[in-house]
Each structure stands twice: as C-alpha cells, then as structure tokens.
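Here the structure is laid out as structure tokens; the discussion comes afterwards.
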Amino acid sequence: MSKIGIIGVGQSSFVRSYPGSIRELAFEGFKEAMQDAHLTTKDIDASVICSAPEYDKQRSPAGVFAEYFGLNPQPTFYVESLCSSSSMGVRLAYALVKSGLHQTVAVVGFQKMSEISSSESQERMGRGADIQWESPFGTMMPAYYAMYTRAHMQKYGTTPEDLARIRVKAATYGQLNERAVYRKPITLEMFSDPEDRMAGPVASPLRVGDCCANADGSSCIIVAGEDKARSICEKPVWILGLGAATASVNLAGRDLFTGLTVAQNAAKQAYDMAGIAPNEIDVAEVHDCFTIAEMMAYEDLGFAKPGEGKELIKSKETYIEGSIPVNVDGGLLSKGHPIGATGGSQIRTVVLQLRNEAGAIQVDNPEIGLVHNIGGVGLYGNVTILGR
Amino acid sequence: MGNVKEVDDRFKKFGTVSFTSITKTNDFINYLEEGKVMGTRCNDCGLVFFPPRSDCHQCLADNMQWYEVSGTGKLVTYSKLEFAPIGFQEDVPYCIALLDYGDYKIFGRISDELSDNDIKIGMQMKTAVNELPNGQLNYVFQKV
C-alpha cells in the first residue's frame with residue numbers, strides 16, 4: 001500500500017480585518033505552501049477550496065481562486081463542512097490521490113469573516129444550527145457549547161476555573177505565534193475579577209474568555225502520492241489515519257452531552273487506520289472554539305478518561321513540556337478561528353512540529369501528531385493522524 | 001388576481017423569528033393555536049419523532065400521524081443567554097434547554113417565570129404553548 005504525504009504547508013496571518021479581497025487572502029496561504037513545497041502551478045493537477053459560504057459575497061469562490069492561483073485549466077472542488085471544511089478537504093485530497101485520479105492536490109481553506117458587517121454576522125450566527133426547529137428560540141454557537149458545559153460540570157464536577165486554565169494555556173502560546181490574532185497574556189485572576197472583560201457573561205456558564213476569536217485567514221496543504229512526495233520533498237509528512245463522522249444537527253436527536261460523538265467516532269476510525277493508540281500521540285491540535293471543546297477533546301480522543309480532562313490541564317500535561325502537548329500554537333482561542341481556514345492551519349502546525357520546524361513552540365522531537373477539527377456544534381467531526 | 005396561488009406559509013408564525021415558512025409539517029402551527037405541542041409517529045413502522053417530520057428514515061414511508069406531547073420530561077441541560085442574535089435582543093436574558101421524554105427529546109426555552117435558582121438539571125418539567133409579545137407562538141418548559 002503506497003502512502004499519501006503532505007509536501008507543503010502554508011497559512012496567512014490570522015487577523016481581525018484583512019485589508020484585501022478573498023482571493024488575495026487565499027493566495028497568501030497558497031503561496032506559502034507552494035514555496036514550502038518548491039512547486040510551480042503546473043505541478044498541481046487539482047485544487048480543493050474550503051470555506052463556509054455564508055460569509056462570502058462571491059458566489060462559487062473555487063473557480064475564481066483557480067484562476068487567481070494560476071490553476072486553469074485544472075479542475076477544482078469546493079468542500080464545506082462549516083468549521084471542519086479544510087480537514088474534510090484534506091480527506092477528499094487523500095481520496096483523489098489514492099484513487100490515482102490526481103497526483104498532487106492543493107487544499108486551500110479560507111474565511112474572511114469581516115467580509116460581512118457585524119450585524120449580518122450576528123444574523124447568520126442565529127442560523128448556525130437547525131433553522132426550522134432550534135433557531136426560532138434564539139440560539140447561537142456559545143449557547144450550544146454552554147449546554148455541553150453545564151452537563152459536563154453537573155456530571156464530572158468540572159469548574160469554570162478548570163476551563164479558564166485552558167484559556168490561560170492558549171494565551172501563553174498565542175503570545176509566541178506571530179500569525180495569531182490574539183497575542184496578549186491572560187491570567188486566572190482575570191476570570192475571577194467581575195470587572196475584567198474575560199469574566200463577562202456570554203451564555204452561562206461560558207464567559208467571554210471561554211470563547212475563541214473571530215478572524216480572517218487562509219491555509220493551504222499540498223497532498224501528493226508517495227513516489228512524488230519522496231522525489232520532491234526532503235521531509236514529507238505522511239497521512240497515517242483519517243476519520244470523519246456526522247451527528248444529528250438538532251440537540252433533540254442526541255444522547256451524549258458531556259462529549260461529542262463525532263469526535264469519538266472519527267478518532268476511533270483514525271486510530272484504527274493508523275494502527276496506533278492515543279498514548280502514542282506526541283503532539284495534538286484540537287478544535288478549541290470554546291474552552292469546554294478542548295476539555296471534551298481530551299476525553300473524546302482518549303488523552304484522558306471521561307471526566308478526567310480537568311486533571312490533564314491542572315497538571316499542565318498539555319503544555320509543551322507535558323506528556324501530550326495540545327494547541328501549543330495558541331489554538332482557536334488565541335490564534336483565531338477563520339472557519340474554513342482552521343483545519344488546514346491545525347494540520348500546518350502539526351506538520352511543522354513533525355518536521356522540527358516549529359520554532360519557539362517546538363515540542364521535543366515528535367513522531368506522531370493528531371488533528372481534531374469539529375464543524376458546527378459536533379455536527380461534523382474530522383480526526384487526522386500524521387507521522388514523519 | 002385569478003392566477004395568484006395561495007401560499008401555505010403558516011410556519012412563519014413559529015418562534016420569535018422564524019426562518020422557515022413553508023414545510024409539510026405546517027399543521028404544527030394549528031395545533032399550537034389549539035394549545036397543543038405535537039410530534040409525529042410513523043404509521044407504518046411506529047418510529048416516534050420530535051421535532052415532527054413528514055418522512056420516516058427507517059421505513060421511507062410518508063405516512064405520519066400526529067401525537068400530543070404530554071406528561072413531563074427531565075431537564076438534560078440548559079444555558080442562559082446574555083447576548084442574542086439579531087431579532088432576539090428584546091428577549092435577553094433567556095434560557096434555552098433540552099427536555100428528555102424517554103421516547104424523544106425536545107429543544108426549546110425555559111419559561112421566564114422560573115428564576116435561576118428554580119432551575120436544576122434532572123428536574124421534571126412540562127412543555128406548554130406560549131404566545132410571544134409580538135404575537136408569534138412557541139413553546140416553553142414550565143415547572144411541574
């Protein structure tokens with residue numbers, strides 16, 4: 001069985017308001033990945049474009065980008081699974097290359113969240129789930145994750161302070177990441193000061209500090225077959241395992257509220273495909289759109305038993321020096337979360353770690369890394385396992 | 001005017017802001033007007049649905065009958081919103097929640113009549129039709 005490798009990675013800076021168009025934003029990630037892989041556009045024989053289209057004024061951006069990237073007349077695909085779009089794009093690229101239909105595929109994720117006004121964004125926020133049966137009650141993303149938080153606290157005794165520790169870790173590393181949108185330090189004391197912005201209410205029990213930062217950004221992952229990867233890349237990183245799952249959009253269709261079944265199902269598939277166990281992961285990027293999401297990821301991925309995620313963060317095992325470093329690039333919480341670009345950015349971080357090129361946030365010589373990327377409130381889940 | 005078709009858009013009356021107006025489950029609104037919260041059950045295979053739906057994914061039939069939500073459900077989890085999307089700002093603060101009736105679960109709001117201290121995970125609650133200040137209809141979870 002021939003392997004499928006990642007031969008180039010790139011991302012733009014994640015910023016509050018990108019001073020350019022979506023094709024220019026997307027080009028930043030693409031350009032860096034092409035330079036990283038030492039490729040020219042004739043080496044790419046298909047592209048996969050990933051985003052959540054409700055933020056775009058441009059209809060069907062894939063065709064527009066293909067032209068702007070110099071990728072005509074090669075075919076392009078458009079993939080959407082909300083916040084996990086670009087992990088799903090990498091899954092598609094794997095299948096395209098594995099099938100022999102294409103040899104080298106560029107997966108470009110992007111989101112310019114500032115493309116629409118904040119009131120338009122607020123309006124879309126209410127349509128993030130089941131618009132027929134949930135949205136008429138006035139729902140939004142933080143409130144759904146807050147419902148999971150409340151259930152987790154009730155069952156396992158998780159506290160707001162346990163969650164705040166995750167935010168403090170994210171900020172520790174966000175300061176070191178020059179591509180991050182939020183680069184300020186955050187302390188536990190800020191969460192216990194009612195006057196501090198971090199402690200401000202959003203949807204109980206989640207507070208401002210528990211929520212990730214919106215951002216504009218792009219990412220690019222270039223995928224190729226084994227022979228090509230070995231011939232042109234000094235340090236190819238191999239895709240060892242892939243998992244993907246869905247769950248009911250309406251919470252009424254779910255049974256578990258202390259974890260995400262999409263993450264559990266996707267993780268099992270990815271671990272089985274890679275033939276490894278959770279304790280063999282040396283570095284991970286997980287989808288911390290909210291602090292509770294990282295806590296549940298520890299447990300859904302098998303880094304901790306259900307309910308014991310809080311011990312992992314209390315003992316700092318998920319810091320760089322710990323047994324399983326998680327989100328040492330600042331995560332979505334501090335790096336920012338430009339929806340369609342997020343999965344590719346997480347994969348980029350893990351690829352740089354496995355190549356020992358992660359600079360100030362380098363983990364000690366990792367061999368296997370994992371990416372956990374969730375779309376919606378556990379509507380879509382992708383887990384990708386990478387090795388060098 | 002003879003060519004104008006009447007559009008059945010009853011569902012636009014559901015919730016503070018409805019994002020759907022046309023659905024095969026529009027009768028849900030008439031039942032709300034009668035004070036009843038209804039789900040659907042497949043006549044062919046017996047599968048029970050809430051929210052109601054017009055197609056059964058188990059046996060692929062579209063032969064549904066309505067049933068009334070009755071009795072009490074257990075509060076699974078909830079959240080109190082301090083911010084809201086466009087169109088819902090006047091309602092803030094409010095609690096969204098999930099009730100478990102055993103055969104099905106219901107997503108909705110907790111009645112404004114309950115204070116924070118009254119709300120406990122695991123408590124039994126009932127689902128009741130509620131008229132909103134803007135004349136729209138929804139349902140809320142009340143203390144038993």
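Every chain is numbered from 1, with letters handed out A, B, ... down the list of sequences. Only heavy atoms go into these numbers, but all of them, side chains included; no hydrogens, no water, no symmetry mates.
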Measure distances from [X] to the heavy atoms of chain A and classify the residue's part below 4.5 Å as side chain, backbone, both or neither.
{"X": "Phe88(B)", "result": "side chain"}
{"X": "Tyr94(B)", "result": "side chain"}
{"X": "Pro52(B)", "result": "both"}
{"X": "Phe11(B)", "result": "side chain"}
{"X": "Tyr78(B)", "result": "both"}

NE2-CD distance between His337(A) and Gln111(A), expressed to the nearest 0.5 angstrom: 9.0 Å
Most chain B-contacting option - heavy-atom pairs closer than 4.5 Å, from Ala146(A), Pro205(A), Ala143(A): Ala143(A)
Top contributor to chain B interface from Arg124(A), Met140(A), Arg254(A) [non-hydrogen pairs under 4.5 Å]: Met140(A)
Less than 4.5 Å apart, side chain to side chain, heavy atoms only: is that true for [X] and [Y]?
{"X": "Val129(B)", "Y": "Lys36(B)", "value": "no"}
{"X": "Asp27(B)", "Y": "Arg10(B)", "value": "yes"}
{"X": "Asp62(B)", "Y": "Ser54(B)", "value": "no"}

Proximal component of Thr149(A), with respect to chain B [non-hydrogen, under 4.5 Å]: neither
Region of Gln154(A) that comes under 4.5 Å of a non-hydrogen atom in chain B: side chain
Ion pair check, Arg109(B) and Asp91(B), cut-off under 4.0 Å: yes
Electrostatic pair Arg167(A):Asp288(A) at N-O distance under 4.0 angstrom: no
Candidate list His152(A), Lys310(A), Gln264(A), Lys305(A), test side chain to side chain donor-acceptor pair (under 3.5 Å), partner Glu299(A), passing option: His152(A)
Which of Gly15(B), Ser79(B), Cys95(B) touches chain A most, by non-hydrogen pairs under 4.5 Å: Ser79(B)
